[in-house]
Amino acid sequence: RHPAERLERIGWTLSNLQIAGTFGRRERRKAALPGWGDGGSEFVAFRMPHGVDIERLRFKKGESVIVSRTDPLVDPLGEGVVDQLAWNKFVVNIFSALPDDARSVTWRVDAYANKVVYERQ
């Protein structure tokens, strides 16, 4: 386990992110495929912190991420996929519902294992 500061420095995580907006909410479906949970999804736009060099980040469009308040091993919100990455915003499609206090707290986003190959087996 590496400290969050080191992970941020080498581009594996972004922390202290504030939500700029949400859109594209899809409610949870009642009839999901067996073995596949469906908690709905939502696009979340985070404000990009000042001074972040997006070229050094390990996040690219289509990459898997995990969103948490402080630590993905302690309080994960859910998994997601990077939809857009720019100097001023970072948009993630999160596969879970945001809590009611989502805009009043800060978030952490970490690069995560891409499950596409696993899911296609």
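Computation of the quantities below employed the complete heavy-atom set of this structure, encompassing side-chain atoms and omitting hydrogens, waters and symmetry-equivalent molecules.
- W12 forms part of a hydrophobic cluster together with L7, I10, judged by ILVMFWY side-chain heavy-atom separations under 4.5 Å.
- Taking every heavy atom of both residues into account, N93 and S41 meet most closely at OD1-CB, 3.6 Å.
- With sequence neighbours excluded, the residues forming a side-chain hydrogen bond (donor to acceptor under 3.5 Å, both in side chains) with R108 are T13, D110, listed by chain and number.
- Residue pairs meeting the salt bridge (Lys or Arg N to Asp or Glu O under 4.0 Å) criterion with at least one member in residues 48-68: none, sequence neighbours excluded.
- With sequence neighbours excluded, the residues that form a side chain to side chain contact (heavy atoms under 4.5 Å, CB included) with R9 are R6.
- Shortest non-hydrogen contact noted between S64 and A113 is CB-O, 3.6 Å.
- Partners of S15 according to the side-chain hydrogen bond (donor to acceptor under 3.5 Å, both in side chains) rule, which considers only residues two or more places apart in sequence or in another chain, are E8.
- Take D101 and apply the salt bridge (charged side-chain N to carboxylate O under 4.0 Å, His left out) test, not counting sequence neighbours, and it matches R69.
- Across all non-hydrogen atoms, the minimal contact from S96 to G78 is OG-CA, 3.9 Å.
- The other residues sharing a hydrophobic cluster with L98 are L14, L17, I19, V44, F46, M48, V52, I54, L57, F59, V65, V67, L77, V82, L85, F90, V92, I94, V105, W107, V109, where clustering joins ILVMFWY side chains under 4.5 Å apart.
- Residues satisfying the side-chain hydrogen bond (donor to acceptor under 3.5 Å, both in side chains) test with D71, not counting sequence neighbours, are R1.
- Annotation: side-chain hydrogen bond (donor to acceptor under 3.5 Å, both in side chains) contacts of T106 (sequence neighbours excluded): none.
- With sequence neighbours excluded, the residues that form a side chain to side chain contact (heavy atoms under 4.5 Å, CB included) with V91 are F23, F43, A45, D83, Q84, K89.
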